[in-house]
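Inspection log for the structure reproduced underneath, given as C-alpha cells.
Any value given below was found using the heavy atoms of this structure, including those in side chains, with hydrogens, waters and symmetry copies removed. In the text below, chain A, chain B and the rest are named by the order of the sequence lines, each starting its count at 1.
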There are 2 protein chains.
Amino acid sequence: MENLLFDFMSKYITLTEEEKTALLSMNLFHSVKKGTVLLKEGQSSKEFFFVIKGCIRVYYIIDGEEKTTAFYTELEALTPHCVITKTPSDYFVSCLEDSILLISNTELTEEANNKFPKFELMCRMFSEELLAKQQIDFDEFKTSSPEQRYLNLLEKRPDLIQRVPQHQLASFLGIQPQSLSRLRARIMEKKGR
Amino acid sequence: MENLLFDFMSKYITLTEEEKTALLSMNLFHSVKKGTVLLKEGQSSKEFFFVIKGCIRVYYIIDGEEKTTAFYTELEALTPHCVITKTPSDYFVSCLEDSILLISNTELTEEANNKFPKFELMCRMFSEELLAKQQIDFDEFKTSSPEQRYLNLLEKRPDLIQRVPQHQLASFLGIQPQSLSRLRARIMEKKGR
DNA sequence: TCCTTTTCTTAACTTAAGTGATCGAATAAG
DNA sequence: CTTATTCGATCACTTAAGTTAAGAAAAGGA
C-alpha cells in the first residue's frame, strides 16, 4: 500500500529511506467507509486527499439536486478549492466506495515543503501536470457532444462506467440521467446494425 | 509595465531590488502583433506565456474548423500542455490583439527555480491556484446550460464579450455561432418584456 | 477608396437534450 | 425476509441546439 505511494512519488523525486519512514510515521493513511462525507458545502476545510484505493466524488447540491462533477480514483489527488482560497466550500466530497486515502492538511504540507525543498518541487510539478491535464479534459468537453463525451469516457476511463451509478455519470457528462440512458440505447442500436 | 508584473508577483513572494533588476535584465518582455501564431499544432515548444497586456487564445482545428477553447488576458498565464508533457501540441496559440507578453521557457524557469527557492514556491502557489480556479470553471460549465454559461460570462468576464469575435466566443461556450446569435436574441427578448 | 473576405444574424428544418411520468429492477433498511 | 427507497430504462412531449443556406454588416487588403 505504501509502495503505491512511493512508486508514484518516484516519478517526480527520489526519496531516501529515512524520508520514507518519516512520511509513514505521520500516520496519513485512512480507511474510509463508502458514503462518508469528507467535505461539506460551507466548510472551510484544510484537508487534501490522495486516493490510494477506491473512489471519491465531488458534487454540488443545486436546487435540491445532486450534481456530480468529478471522480478521483487510484493515484489521483484532490485539493479542494476551499483549501487554496481559504473560503467556504461550494461543494461536497464523499466516498463512493470503501477507500484508503492519504489525508493531509495545509499545515503538514507547508511543514514538509519547508523541511524538504524537493517536496515543494514535487508539488509544483504535480500541480502543473494536473493543470495541463485538466485543460485538455476541459477542451475535449467543450469541443464534443454528449454522445462523443460518453464514447470518449468509454475509451479512456472504462472503469468509471462500471463503478459509478448512471445518474452520477450523467451529470459528470453534463447531461440528465434520462439523456444518458437514451444515448446509450442509441449507441447500442448503431452497434447492432 | 514592469510594475504590473511585480505587483502580481508580490501576492505570492517578496522580491529584493536586486532580484527585480535581475529579472528585468533577462529580456523576457515581448511586443507581439495581432494574429501572430505563438504555438502551432504538432510543435513541441518549451515556451510559456504570461499576458501583461492584450489577449491570446487557444484553439484547435477539428475537421478544418477552428474551435477556440480558452482566452488569456491581463495577468493570466498559459503553460501549454506540450511544455509539461514534452509531447507535440494538440492546439494552436495565437495573439488576438496587439499584446505585450512575458515569454519564458523551461530552461530559464528551471534555472530561476534552482537559484531562488521562493520562485519555486511562487510557481507552486500559482499553479495550485489556477488548478482550483479551473476546477470551479469546469464544474460551472458542466452544471449549466449554454444560456446560463453566456449569462455567467456576461457577469464575470464582460470584457471578453466585447473584445472577442462572436464565433470564437461561441466555441468557447461549447456551442455553434448560430446558436449563440439565437441565444442572445432570446435573452434580449426576455429583457424587453 | 473599392472590392473581397470574414463575421454576424436570421430562417427553416432536423436532431438531440430537457422534462415529467411510469414501471420494473436493484439496493438498502428494518 | 419483507418493505421502502433508489435507480435505470422508456415514452410522450417540449424546448433548444445542430445544420444548411442566404443575406446584411463589418473588417481587411489592394
Separation of D:dA17 P from A:Lys142 NZ (nearest whole Å): 17 Å

Nearest-neighbour nucleotide for the B:Leu183 side chain, C:dT10, D:dA17, C:dA28 considered: D:dA17

Sugar-phosphate, base or nothing in reach of B:Pro146, heavy atoms under 4.0 Å: sugar-phosphate

Cation over ring face, A:Arg149 and A:Phe141, 6.0 Å, 45°: yes

Between C:dT27 (C1') and A:Gln168 (CD): distance, integer Å: 14 Å

Spacing of A:Gln148 atom CD relative to D:dA17 atom P, expressed in whole Å: 17 Å

Minimum-distance nucleotide (side-chain atoms of A:Ser181 versus D:dA9, C:dT10, D:dA17): D:dA9

Touch class at under 4.0 angstrom, heavy-atom based, for B:Arg186 against every strand present: sugar-phosphate

Whichever of B:Pro177 and A:Lys34 has its nearest DNA chain C nucleotide further upstream toward 5': B:Pro177

Atom-to-atom span, CG of B:Leu151 to P of D:dA16 - whole angstrom: 13 Å

Below 4.0 Å: OP1/OP2 of D:dA9 and any side-chain N or O of A:Arg182: no

Within 45° cone of B:Phe48 ring axis and under 6.0 Å: B:Lys46 NZ or CZ: no

Proximity of B:Phe71 and B:Phe172 rings by center, below 6.0 Å: yes

Among C:dG18, C:dC8, D:dG28, the one nearest B:Gln166 by side-chain distance: C:dC8

Between D:dT6 (C1') and A:Leu96 (CG): distance, integer Å: 15 Å

Residues A:Arg57 and A:Tyr72: side-chain donor-acceptor under 3.5 angstrom: no

Nucleotide nearest A:His167 (side chain, heavy atoms from C-beta), chosen from C:dC8, C:dG18, D:dC7: D:dC7

Between P of D:dG8 and CD1 of A:Ile175, the distance in whole Å: 13 Å

B:Gln178 side-chain proximity, nearest of C:dA21, C:dA11, C:dG18: C:dA11

Parallel, tilted or perpendicular, as decided by the 30° and 60° cut-offs, for the rings of A:Phe8 and A:Phe126: perpendicular

Distance in angstrom units between B:Leu180 CG and C:dT9 P, rounded: 7 Å

Below 4.0 Å: OP1/OP2 of D:dG18 and any side-chain N or O of B:Ser179: yes

Whole-Å distance separating the CD atom of A:Gln176 from the P atom of D:dA9: 15 Å

